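Step one of this worksheet: look at the structure below.
Quantities reported herein were computed from a predicted structural model and do not represent experimental measurements.
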Amino acid sequence: MKRFRILTIVAFVLCGGSVASAQGASDWAVDTHSAARLIAGATAKVDDATFVRAGLEIKLDRDWHTYWRDPGDSGVPPTLDFSGSDNVKSVATLWPAPQRFPDGAGGNSIGYLDHVVLPLRVTPQDASKPSQLKLKLSYDICNAMCVPAEASLILPLTGKGGDETTLEKAEVRVPRPLALGEGESKGLAILAVHRIPGKEHERVLVDVAAPKGVRLDLFVEGPTPEWSLPLPEPKPNDMAPRQYVFDLDGLPPGAKPDGALLTFTAVSPDDAIEVKTHLD
C-alpha cells in the first residue's frame, strides 16, 4: 500500500509537470522541412485593452523560407484560422519585419528565412475564465521548390505562460506605426509619396529618411489583399532622402488608385516602421 501511494504521488507530479509544459507551448506539428507550434506568454494591458500574449513559432530547414502577409512577386501568405478557439473574442496577429529574396523566376518574394515567431494578442470573451487557443494553420515553405504545409495546434492560455521573453523579442521587430512625415529625427521615416508619369502606367515615388549608410528596404501594400503592387525599387541617389519607385500596376479589376490607402513598411537591420497614407 505504501509503495502504491508513492507511485501515485510520483505519477501525479509527472502529470502535473506535463500539464504545465502543455500550457507553456503546444506540441510541435512537424511537416516537410518545417515545424510549427503555439507558445504562451503573460497577460498584458495596452491603453484600455487587456489581452494574453501568445505566438506562432515556425522553424524551417536551413535556407528554406515562408511568407509575410504580402508574399511579393510570388508565393502564398500564411492562413491562420482561430475560429475553433474556446473563450476567445479576437486574435490580432503581429508581423515582424520581413526581408526580400529572389523567387527563382526573376522576381522577389517577401518573408522569413529559417525561423520566425508571429506574436499574437488574444482577447478572451470572459477574462475571468480560462481560454483555449485552437489554430488551423496553412503555410507554404520554399527553397528550390515550394511545399504546402498544414498544422492543427491547441494551447491552453492561463496568462502565466513561460515564453514572455521570446515574444518580447519578436515584438521588437514588429514595425512601429508612424504617420507620414513623422519620425525623421529618430531614424526611419516615410517623408512623402508622389504620383509621377510613367510609360505604360503611372508610377509612385516615395521619399524615405534613413541614417546614412544603413541598409534599407521598402515594401508597399494596397488597401486589400487583392492588390498586387510591384515591390518598390531604390533609385540611384547619393543625396538624402532616399527614393524608391514602383509602377502603379497590379490593381484589382475596376479598382481606382485615387485616394487608395497604401501601407508602406520600411525595414533596416535595427528598426522597422509602418506608415499608412492615402494616394492623392
message: Can you confirm whether Lys235 sits close enough to Leu205 that some side-chain heavy atom of one is under 4.5 Å from a side-chain heavy atom of the other?
response: yes
query: Tell me, do Ser34 and Tyr139 make a side-chain contact under 4.5 Å, heavy atoms counted?
result: yes
field: Donor-acceptor under 3.5 Å (Ser109 side chain, Ser74 main chain)
entry: yes
task: In plain terms, say whether Arg53 and Glu171 are close enough for a salt bridge, that is, a side-chain N and a carboxylate O under 4.0 Å apart.
output: yes
message: Would Glu274 and Arg69 count as a salt bridge (charged side-chain N to carboxylate O under 4.0 Å, His left out) here? Give the steps.
response: CA-CA 14 Å; Glu274 179 182 284; Arg69 65 191 182 205; 2.9 Å; yes
- prompt: Between Tyr67 and Phe101, what is the ring plane arrangement, given parallel below 30°, perpendicular above 60°, and tilted in between?
  reply: tilted
query: Taking atom types as modelled and ignoring hydrogens, do the side chains of Lys45 and Thr50 form a donor-acceptor contact shorter than 3.5 angstrom?
result: no
task: Tell me whether the centres of the aromatic rings in His65 and Tyr112 are closer together than 6.0 Å.
output: no
query: Say you draw a straight line from CG of Leu94 to CZ of Arg121; how long is it, rounded to the nearest 0.5 Å?
result: 5.0 Å
query: Of all heavy-atom pairs between Gly107 and Asp73, which one has the smallest distance, and what is that distance?
result: CA-OD2, 3.4 Å
message: Tell me if a side-chain donor or acceptor on Ser131 pairs with a main-chain N or O of Leu157 at a distance below 3.5 Å.
response: no
- request: Specify the closest pair of heavy atoms between Val122 and Ala54, including all atoms of both residues, with the distance to one decimal.
  value: CG2-CB, 4.2 Å
message: Check whether Asp207 reaches the backbone of Ala192 with its side chain - one donor and one acceptor, N or O, closer than 3.5 Å.
response: no
- request: Tell me, with the steps shown, if Lys59 and Asp114 meet salt bridge (charged side-chain N to carboxylate O under 4.0 Å, His left out).
  value: CA-CA 6 Å; Lys59 293 194 303 184; Asp114 302 334; over 6 Å; no
Side-chain donor or acceptor of Asn143 paired with backbone N/O of Met145 under 3.5 Å: no
Point-to-point distance, once rounded to the nearest 0.5 Å, from CG of Asp249 to CD of Glu200: 8.5 Å
message: Working to the nearest 0.5 angstrom, can you tell me the gap between Asp81 CG and Ser152 OG?
response: 9.5 Å
query: Which atoms form the tightest heavy-atom contact between Ala25 and Arg37, and what is the distance?
result: CB-NH1, 3.8 Å
query: Can you list the other members of the hydrophobic cluster that holds Leu229, where links are side-chain heavy atoms under 4.5 angstrom apart?
result: Leu178, Leu180, Leu188, Ile190, Val193, Val204, Val206, Val208, Leu216, Leu218, Val220, Trp227, Tyr244, Phe246, Leu248, Leu251, Leu262, Phe264, Ile273, Val275, Leu279
- prompt: Does a salt bridge link Lys169 with Glu57, judged by any charged N lying under 4.0 Å from a carboxylate O?
  reply: no
query: According to a 4.5 Å side-chain heavy-atom criterion applied to Ile, Leu, Val, Met, Phe, Trp and Tyr, with indirect links allowed, do Val88 and Leu80 form part of one hydrophobic cluster?
result: yes
query: Is it true that Lys89 and Asp126 have a side-chain N and a carboxylate O under 4.0 angstrom from each other?
result: no
- request: Report the C-alpha distance between Asp270 and Ser268 in whole Å, list the side-chain angles of each, state the deciding distance to 0.1 Å, and finish with yes or no for side-chain hydrogen bond (donor to acceptor under 3.5 Å, both in side chains).
  value: CA-CA 5 Å; Asp270 299 318; Ser268 73; 5.9 Å; no
field: Nearest heavy-atom neighbours spanning Ala170 and Pro96
entry: O-CG, 4.1 Å
message: Is it the case that atom CG in Asp280 sees more than 12 heavy atoms from other parts of the structure closer than 6.0 Å?
response: no
field: Glu182 atom CD: more than 12 heavy-atom contacts under 6.0 Å
entry: yes
- line: Between Ser26 and Leu155 the two heavy atoms that sit nearest each other are N-CD1, 3.7 Å
- prompt: Is there a chain of hydrophobic side chains (I, L, V, M, F, W, Y, each step under 4.5 Å between heavy atoms) that links Leu56 to Trp95?
  reply: yes
message: Which heavy atom of Arg173 sits nearest to which heavy atom of Pro269, and what is that distance?
response: NH1-O, 3.5 Å
field: Heavy atoms of other groups near Gln125 CD, more than 12 under 6.0 Å
entry: yes
